[in-house]
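Naming: A, B, ... by sequence-line order, numbering from 1 per chain.
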Amino acid sequence: MNIKTTQPTPKTEAELLYRAHQLAGMTLGELAAIAGIIPPPDLKRDKGWVGQLLEWHLGATAGSKPIPDFIELGIELKTIPISYQGKPLETTFVCVAPLIGVQGLQWRSSHIRQKLARVLWVPVEGERDIPLEDRHVGSALLWSPNAEEEAQLQQDWEELMDMIVLGQVETITGRHGEVLQLRPKAANSKVLTEAYGANGQPIKTLPRGFYLKKQFTSQLLQRHFI
DNA sequence: AGGTGATCATCT
DNA sequence: AGATGATCACCT
């Protein structure tokens, strides 16, 4: 996308939320014009384009660095593509899963828990029959997991991490976990990383990431409107 | 290679 | 149709 400058970073949660709400109703074409960029024809070769455009408009600082988007505020920014019915069209990538050095890892101190502690969700129309530049931004919501959501996340995380510790990472599929799943996260299926094998020996396997299932994100979006 | 931003596209 | 497994671009 090659954006050189960005908007100023918001100093407070209220300022961030205010800025996000101002974007509601605008199209991606309008936002691209303001940022001085040309929208790609589609997202096939620019899968992160929408997220990066919103980062620019909201003054996110992290870029591709492994820190929160709004470091001072401890807030993650996630755009989420929604259907005509207002439901998520895709699962949501959260972070890469650790596959080694995971003995004794606890949910409370986990990277994923910190990532999900406070998230600014920005819904964006995502149906592929809507031209990218005509898609509208929806109303943002600032979310933290409630007790039930956190319990669900913890349960799935513990199940998945138990399997990883036991050297069963290659038996894990996207069907494991109720709200959180583990799936490949790499440039392609030739990329390999270190993990534990079934007998505790080191093996090479696909890097994996944690993803939130659509049912989970759908409910948290709905919760906002209740 | 590992991280950021995610969606694509094939299979069931 | 929906979900899983695979993939794309860019940065460090």
Side-chain angles (χ1 to χ4, degrees), chain A residues 1-4 6 28 31-32 35 37-71 75-85 87-102 110-112 114-116 119-132 135 137 156 160 164 169-195 202-218:
Chain A
M1 185 157 65
N2 198 25
I3 289 179
K4 298 297 188 194
T6 82
L28 298 183
L31 295 182
I37 57 174
I38 307 292
D42 55 54
L43 297 176
K44 287 181 186 173
R45 308 196 75 87
D46 295 270
K47 296 180 181 181
W49 187 82
V50 177
Q52 289 167 357
L53 180 63
L54 269 296
E55 281 184 350
W56 186 90
H57 277 276
L58 294 173
T61 52
S64 62
K65 293 190 280 295
I67 56 174
D69 295 303
F70 301 96
I71 187 68
I75 295 174
E76 279 291 317
L77 173 64
K78 293 259 171 238
T79 60
I80 185 164
I82 55 166
S83 69
Y84 292 121
Q85 289 76 34
K87 299 169 97 174
L89 284 163
E90 298 287 348
T91 57
T92 301
F93 171 72
V94 182
C95 60
V96 168
L99 301 183
I100 56 169
V102 293
S110 66
H111 185 40
I112 185 172
Q114 181 182 314
K115 279 245 167 191
L116 293 177
V119 180
L120 183 70
W121 295 96
V122 181
V124 178
E125 288 178 338
E127 296 282 6
R128 290 189 211 178
D129 62 9
I130 307 176
L132 184 58
R135 298 180 191 177
V137 175
D156 285 349
L160 294 166
I164 289 171
V169 62
E170 295 194 311
T171 73
I172 297 174
T173 73
R175 281 153 285 239
H176 289 86
E178 297 288 328
V179 301
L180 189 70
Q181 55 182 184
L182 194 76
R183 309 214 313 270
K185 168 63 173 172
N188 56 64
S189 58
K190 297 180 185 73
V191 176
L192 297 176
T193 190
E194 195 108 318
I203 61 168
K204 290 287 195 177
T205 192
L206 280 173
R208 313 299 163 101
F210 287 116
Y211 295 80
L212 299 174
K213 300 187 78 169
K214 289 195 284 184
Q215 177 187 311
F216 182 81
T217 49
S218 179

Inset, instruction - Give a yes or no on whether the backbone of A:C95 and the side-chain of A:H111 come within a donor-acceptor separation of less than 3.5 Å. - result: no
Inset, instruction - Identify whether any heavy atom of A:E76 sits under 4.0 Å from a base atom; if not, whether one sits that close to sugar-phosphate; answer base, sugar-phosphate or nothing. - result: sugar-phosphate
Inset, instruction - Grab the NZ-P distance between A:K87 and C:dG2 for me, whole Å please. - result: 8 Å
Legend entry - Spacing of A:K78 atom NZ and A:T217 atom OG1 [to the nearest 0.5 Å]: 11.5 Å
Inset, instruction - Give one of base, sugar-phosphate or nothing for A:K78, where a contact means two heavy atoms less than 4.0 Å apart. - result: sugar-phosphate
Legend entry - Under 3.5 Å: donor-acceptor pair, side chain of A:D69, backbone of A:L77: yes
Legend entry - Among B:dT4, B:dT7, B:dC8, the one nearest A:Y211 by side-chain distance: B:dT7
Inset, instruction - Give one of base, sugar-phosphate or nothing for A:K115, where a contact means two heavy atoms less than 4.0 Å apart. - result: sugar-phosphate
Legend entry - Out of B:dG2, B:dT7, B:dC8, whichever nucleotide has its closest atom nearest the side chain of A:T193: B:dG2
Inset, instruction - Give A:P207 one of three labels, base, sugar-phosphate or nothing, depending on what nucleic acid heavy atoms sit under 4.0 Å from its own. - result: nothing
Inset, instruction - Answer yes or no: is there a side-chain heavy-atom contact under 4.5 Å between A:L58 and A:F70? - result: yes
Inset, instruction - With heavy atoms under 4.0 Å as the rule, sort A:L89 into base, sugar-phosphate or nothing. - result: nothing
Detail all sub-3.5 Å separations between protein N/O atoms and N/O atoms belonging to nucleotides 3-5 of chain C.
residue, atom, partner, partner atom, Å
C:dA3, OP2, A:K214, NZ, 3.1
C:dT4, OP1, A:G174, O, 2.9
C:dT4, OP2, A:Q181, NE2, 2.9
C:dT4, O3', A:R175, NH2, 3.4
C:dG5, OP1, A:R175, NH2, 2.8
C:dG5, OP2, A:G174, N, 2.6
C:dG5, N7, A:R183, NE, 2.6
C:dG5, O6, A:R183, NH2, 2.8

Inset, instruction - Looking only at non-hydrogen atoms, find the nearest pair between A:F93 and A:G209 and report the distance. - result: CE1-CA, 4.0 Å
Inset, instruction - Tell me which of A:G51 and A:K204 sits closer to the 5' end of DNA chain B, going by the nucleotide each one is nearest to. - result: A:K204
